[in-house]
Amino acid sequence: MTDITMIRAAQARLAGHARRTPLLTSPFLDEIAGRRILIKPECLQHTGSFKYRGARSAISALDADTRAHGVIAFSSGNHAQGVALAAREFGVPSVIIMPSDAPRLKIDNTRALGAEVVLYDRAGEDRDALGDRLSAERGLTLIRPFDEPQVIAGQGTTGLEIAEDAAALGIETADVLVCCGGGGLTSGIALALEADAPGLRARPVEPEGFDDVARSLRNGRIERNATSAGGLCDAIITPQPGALTFPIMLRLCGPGIVVTDDEALHAMALAFQRLKVVAEPGGAVALAAALFHADEIEGEAVICTISGGNVDADVFTTALARFC
């Protein structure tokens with residue numbers, strides 16, 4: 001199980017590799033939110049999302065002989081790119097299993113980073129079974145996208161940075177809104193905040209129709225989504241919370257918040273207009289919650305992640321045309 005010691009060790013291994021992203025502010029966004037809002041733009045991380053942290057953490061933690069045989073991962077795109085880049089940095093092969101409906105930009109970028117891409121039907125095929133089969137056939141080490149201790153540890157380094165920067169700004173209590181799929185980033189941040197900023201509370205944010213984490217936290221047990229395909233926020237659509245991530249979130253997180261696709265698009269437009277930051281739909285849900293769900297948030301300040309910026313041009317232009 002991931003703990004703060006693992007997160008600090010991951011931070012040491014990531015030093016000089018992962019970017020330290022800032023906390024951004026905008027008085028225009030503060031006015032909409034009705035409180036002070038601080039944005040952690042992990043869309044500025046290598047490969048355009050926080051996923052590089054977990055991928056580099058997990059691959060760097062492997063022993064050299066195991067790592068040399070190569071790695072495999074399954075992802076709609078952001079974890080894929082993180083694993084592909086980290087594997088390339090270590091000079092080892094990578095195979096990435098991606099849904100055939102993933103954004104073309106993410107598929108193309110993953111291939112450009114040197115990975116072998118294997119496409120599958122998200123609605124009709126079991127990606128876990130496919131990953132297990134290819135791992136066994138080729139001797140590859142599977143780097144799971146969220147339910148993997150070293151991946152959670154890498155994502156938790158985001159929380160260490162939030163805790164340090166919030167303290168420097170004099171923020172001792174606040175909700176920290178996290179774009180949430182399987183819960184790797186949310187649980188990692190929650191563990192880091194527990195250790196270094198106990199007055200900050202992680203809260204998962206999900207898109208409408210794919211709110212398995214919010215329902216699971218509310219009911220105290222893992223709940224599945226009715227479908228694992230479709231939806232605008234492809235980066236954070238998962239069947240259910242992870243077996244490792246859910247107990248951490250249940251213990252440490254506040255209630256989940258659910259936003260609509262239109263709210264995510266609106267947040268994308270505002271991030272571009274007011275911060276000059278490009279966010280993808282799934283990466284903008286936490287900002288959408290901060291801006292449009294003020295009544296569900298406590299405190300005079302709120303911190304939120306923009307977890308990724310790998311958006312296809314047509315989706316991005318739709319957001320700008322509709323809300324700018």
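Bear in mind that the values here come from a model prediction, so they are computed numbers and not experimental data.
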Aromatic ring pairing Phe316/Phe272, orientation class (parallel under 30°, perpendicular over 60°, tilted between): perpendicular
Do [X] and [Y] sit within salt-bridge range, that is, some charged N less than 4.0 Å from a carboxylate O?
{"X": "Lys40", "Y": "Glu161", "result": "yes"}
{"X": "Asp175", "Y": "Arg201", "result": "yes"}
{"X": "Asp30", "Y": "Arg274", "result": "no"}
{"X": "Lys106", "Y": "Asp312", "result": "no"}
{"X": "Asp165", "Y": "Arg20", "result": "yes"}
{"X": "Asp132", "Y": "Arg144", "result": "yes"}
{"X": "Glu116", "Y": "Arg138", "result": "yes"}
{"X": "Arg35", "Y": "Glu298", "result": "no"}

Heavy-atom closest contact ([X] atom, [Y] atom, distance):
{"X": "Phe210", "Y": "Thr227", "result": "CE2-O, 3.4 Å"}
{"X": "Ala289", "Y": "Val205", "result": "CB-CG1, 3.8 Å"}
{"X": "Thr245", "Y": "Asp147", "result": "N-OD1, 3.3 Å"}
{"X": "Cys43", "Y": "Val277", "result": "SG-CG1, 3.3 Å"}
{"X": "Ala192", "Y": "Ile4", "result": "CA-CD1, 4.0 Å"}

Would a 4.5 Å heavy-atom cut-off, applied to side chains only, mark [X] and [Y] as touching?
{"X": "Val151", "Y": "Pro145", "result": "no"}
{"X": "Ser307", "Y": "Ser49", "result": "no"}
{"X": "Thr186", "Y": "Cys180", "result": "yes"}
{"X": "Ile72", "Y": "Val83", "result": "no"}
{"X": "Val285", "Y": "Cys233", "result": "yes"}

Is the side chain of [X] donor-acceptor paired with the backbone N or O of [Y] at a distance under 3.5 Å, no angle test?
{"X": "Asp211", "Y": "Ala214", "result": "no"}
{"X": "His46", "Y": "His17", "result": "yes"}
{"X": "Glu280", "Y": "Gly282", "result": "no"}

Can a side-chain donor-acceptor contact be found between [Y] and [X] if the only test is distance below 3.5 angstrom?
{"X": "Thr21", "Y": "Glu42", "value": "yes"}
{"X": "Ser57", "Y": "Arg13", "value": "yes"}
{"X": "Glu263", "Y": "His293", "value": "yes"}
{"X": "Arg221", "Y": "Ser216", "value": "no"}

Would the number of heavy atoms belonging to other residues, nucleotides or ligands and lying under 6.0 Å from [atom1] of [X] be above 12?
{"X": "Glu172", "atom1": "CD", "answer": "no"}
{"X": "Glu137", "atom1": "CD", "answer": "yes"}
{"X": "Glu208", "atom1": "CD", "answer": "no"}

Path from Leu320 to Phe323 over hydrophobic side-chain contacts below 4.5 Å: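 Linked within one cluster.
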Cluster link Leu244 to Met249, ILVMFWY, side chain under 4.5 Å: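 No, no single cluster joins them.
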